[in-house]
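Just below is one structure, and these are the notes that go with it.
Naming: A, B, ... by sequence-line order, numbering from 1 per chain. In what follows, every heavy atom counts, from backbone to side chain, and hydrogens, waters and symmetry copies are set aside.
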Amino acid sequence: MKRTHHCNELRLEHVGQTVTLMGWVHSRRDLGGVIFLDVRDREGRTQTVFDPSEVSKAVFEQAASLRPESVVAITGLVRRRPEGTTNPRIATGEVEVLARELVILNRAEVLPFAVDDPETASRVNEELRLRYRYLDLRRPEMLRNLKLRSKVAMATRAYLEEQGFLEIETPTLFKSTPEGAREFVVPCRNHPGLFYALPQSPQQFKQILMVAGVERYFQLARCYRDEDLRADRQPEFTQIDLEMSFVEREDVYAVVEGLLQRIWRVALGVELKRPFPRMRFRDAMDRYGIDKPDTRWGLELADLTETFHGSDFKVFQQAIAQGGVVKALNAKAMAGLTQGQMEQLTGLARESGAKGLAYIKVEGGEWKSPIVKFFREAERVQVQNRLKVEEGDLLLFAADEWQKACEILGRLRLQVIDWARQAGRLQVEPGRFDFLWVEDFPLLSFDKENNRWYSSHHPFTAPVPEDIPWLKTDPRRVRGQHYDIVVNGVELGGGSIRIHQPDLQKTVFEDVLQLPPDLVKGRFGYMLEAFRYGAPPHGGIALGFDRLMALLCGAESIRDVIAFPKTAKGTCLMTESPGPVEPRQLRELHLELRMPPTRGTGP
RNA sequence: GGGGGCGUAGCUCAAUUGGUUAGAGCGCUGCCCUGUCACGGCAGAGGUUGCGGGUUCGAGACCCGUCGCUCCCGCCA
């Protein structure tokens with residue numbers, strides 16, 4: 001027996017045909033004298049009818065005995081549903097299949113949770129959904145996410161192929177590169193004491209491919225990072241990874257904008273406007289207090305350093321005297337925050353390094369605040385004008401060195417926006433996507449604890465050419481040719497133009513990052529060597545494919561767009577990985593376990 | 001590594017200030033039902049309150065520990 005149609009196929013035009021459907025029992029409505037079975041497959045569902053005057057008693061009883069999610073094959077006659085019994089909510093709702101034969105392909109046991117009811121199923125404990133992932137994925141909304149993911153992957157391949165990119169796989173058995181994220185290491189039998197490491201990204205291989213003359217490479221690359229997880233982070237994840245030769249930043253932007261435009265068109269039927277806006281890192285920090293601003297909301301930060309230059313308020317005075325700034329955020333209409341919420345804001349400010357939180361609540365025409373008594377009239381007027389203060393506003397201040405002050409208010413801004421959205425006071429159309437390129441990041445950041453410079457992104461990022469002279473003398477002011485693509489405050493991806501000159505790369509490693517030459521040689525020697533045999537200028541980018549899909553699907557967690565995701569602790573509840581290995585395997589790998597003392601008794 | 005939330009029937013939840021035999025809806029089982037589509041009706045079964053310890057005359061609730069899920073900070077070149 002073969003199926004003749006899928007479950008979202010039958011229409012009035014099929015009336016009179018004998019068909020065979022195969023699928024899952026979505027729901028059974030047993031009216032005693034007649035039984036309705038909805039058969040579901042990945043395309044949709046179709047109602048079948050068991051009428052005792054049309055089928056044998058045995059078949060009828062079998063139909064009556066079926067539990068939801070059993071797999072069946074039903075052969076019968078397509079007919080128009082009787083007047084008044086059509087179901088406009090499903091595509092096949094004008095017809096039904098009058099069953100003649102029923103084969104039970106697999107009888108399902110009683111389910112751990114309901115699959116057929118989207119309302120309840122979506123509220124089921126995620127632990128259970130992950131343990132029975134195959135049931136969870138049967139839910140139409142999960143299947144929809146998988147379908148969309150496949151569609152977007154295909155569109156990505158098609159677009160990049162049109163643009164002349166070659167899809168090339170790179171090794172997942174790589175070696176350890178201890179800079180950056182913690183890695184998963186893989187022992188190997190043939191090399192006692194040596195380890196592979198799973199790549200955090202194909203960065204080095206894709207640059208080598210440029211040296212190899214590939215010119216345009218892409219890959220839907222699996223990447224692995226052994227770091228603590230979040231709603232938008234998994235230990236293994238997928239990137240749309242690409243690299244191009246003989247390009248500048250704008251060339252990469254053009255390809256990525258075209259790709260995202262194609263993806264939005266294919267997935268959502270939405271036409272994105274190009275080019276996307278650009279913003280310098282410095283401006284992003286200055287205006288939004290973060291390097292991935294959500295520009296859907298206003299609420300920009302203001303700089304009041306000039307205003308408070310001769311302030312009597314010591315906190316402001318000192319910050320400015322030490323070369324810092326005074327910044328402020330007008331949280332419009334938020335004066336009504338509770339004491340608890342104000343404490344929460346203060347806590348957030350402290351976490352970001354503030355000593356406290358200066359604020360003004362504008363209520364009843366009055367500025368209620370412990371600090372306002374230190375303001376001179378001119379300061380007050382300027383604050384009023386600069387922040388466009390109105391009744392009901394909440395003014396938040398940060399006085400510190402520039403970056404810290406920006407970051408403090410940036411976090412408060414996000415919290416305040418979150419509350420305003422929850423209260424329904426800030427709204428935005430659901431299909432709005434604010435894309436933004438953030439560029440001109442500092443190439444290097446200073447690590448106070450270890451008293452050394454390190455790469456803000458990675459050590460292969462090329463400096464902005466006119467800043468190269470500052471590399472050794474004033475590293476702080478060197479900008480990198482790095483760029484991030486941001487949408488609605490989510491960092492969707494990042495990339496850079498790379499260094500392709502071996503001497504410049506060597507300078508960065510040894511003079512700027514202060515890595516010992518033998519360490520550089522051991523870790524990156526092959527790259528420096530490759531660059532000596534004709535390396536084209538090149539650059540690229542990697543986009544977080546899971547985050548991209550979460551955006552397109554409207555999912556809150558990337559777990560909802562990954563078929564088999566891991567928990568926040570990095571385990572798989574379905575397969576119970578990671579799991580132990582046999583002593584024999586350890587012996588072959590020349591490994592011996594030194595376990596931490598066992599704690600607790602388990603569940 | 002740190003902080004918050006959650007854990008009670010198969011599922012989603014309730015259980016006043018610590019006080020009777022831990023309840024409801026859905027699901028499940030049985031019976032009835034020929035036009036339902038969240039079918040309906042009647043009856044019934046179903047509990048180690050995550051686990052371990054403690055306080056108390058008495059603990060689902062309070063305390064300590066622990067396990068699991070989750071969100072956030074650190075971390076993620």
salt_bridge(A/E227, A/R233) N-O dist < 4.0 Å: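 No, this pair does not count.
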Using 4.0 Å as the upper bound for N to carboxylate O, is an ion pair formed by A/R100 and A/E54?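 Between A/R100 and A/E54 there is a salt bridge, with a charged N closer than 4.0 Å to a carboxylate O.
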If we count only N and O atoms by modelled type, under 3.5 Å, do the side chains of A/E179 and A/Y454 hold a donor and an acceptor together?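 Result is no, nothing qualifies.
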Distance-only side-chain donor-acceptor flag, A/Q207 / A/Q203, under 3.5 Å: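 Side-chain D/A pair, A/Q207 to A/Q203: present.
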Describe the nucleic acid contact of [X] in one word from base, sugar-phosphate, nothing, applying a heavy-atom distance below 4.0 Å.
X: A/R79; answer: base
X: A/T571; answer: sugar-phosphate
X: A/R559; answer: sugar-phosphate
X: A/E96; answer: base

If you assign A/Q47 and A/R182 each to the RNA chain B nucleotide with the nearest heavy atom, which residue ends up on the more 5' nucleotide?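 That would be A/Q47.
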Between A/E127 and A/R81, who's closer to the 5' end of RNA chain B by nearest nucleotide?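 Taking each residue's closest nucleotide, the earlier one in sequence belongs to A/R81.
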On the side chain of [X], is there an atom forming a donor-acceptor pair with the base of [N] - under 3.5 Å, no angle test?
X: A/R225; N: B/C76; answer: no
X: A/R230; N: B/G74; answer: yes
X: A/N87; N: B/C37; answer: yes
X: A/R233; N: B/C75; answer: yes
X: A/R350; N: B/G3; answer: no
X: A/D228; N: B/G74; answer: yes

B/C11 pyrimidine/purine six-ring stacking with A/F113, under 5.5 Å and 30°: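 Stacking between A/F113 and B/C11: absent.
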What is the distance, to the nearest angstrom, from the CG atom on A/N125 to the C1' atom on B/G5?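 In whole Å, B/G5 C1' lies 13 Å from A/N125 CG.
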A/E126 CD to B/G7 P: how many Å, rounded?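 To the nearest whole Å, that distance equals 17 Å.
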Watson-Crick or G-U wobble partner for B/U8, using a 3.5 Å limit on both distances?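 Pairing partner: none.
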Opposite nucleotide pairing with B/G19, Watson-Crick or G-U, both atom distances under 3.5 Å: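 Check on B/G19: paired to B/C57, both distances under 3.5 Å.
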So, for A/F524 and A/F509, is the gap between ring centers shorter than 6.0 Å?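 They qualify: ring centres under 6.0 Å apart.
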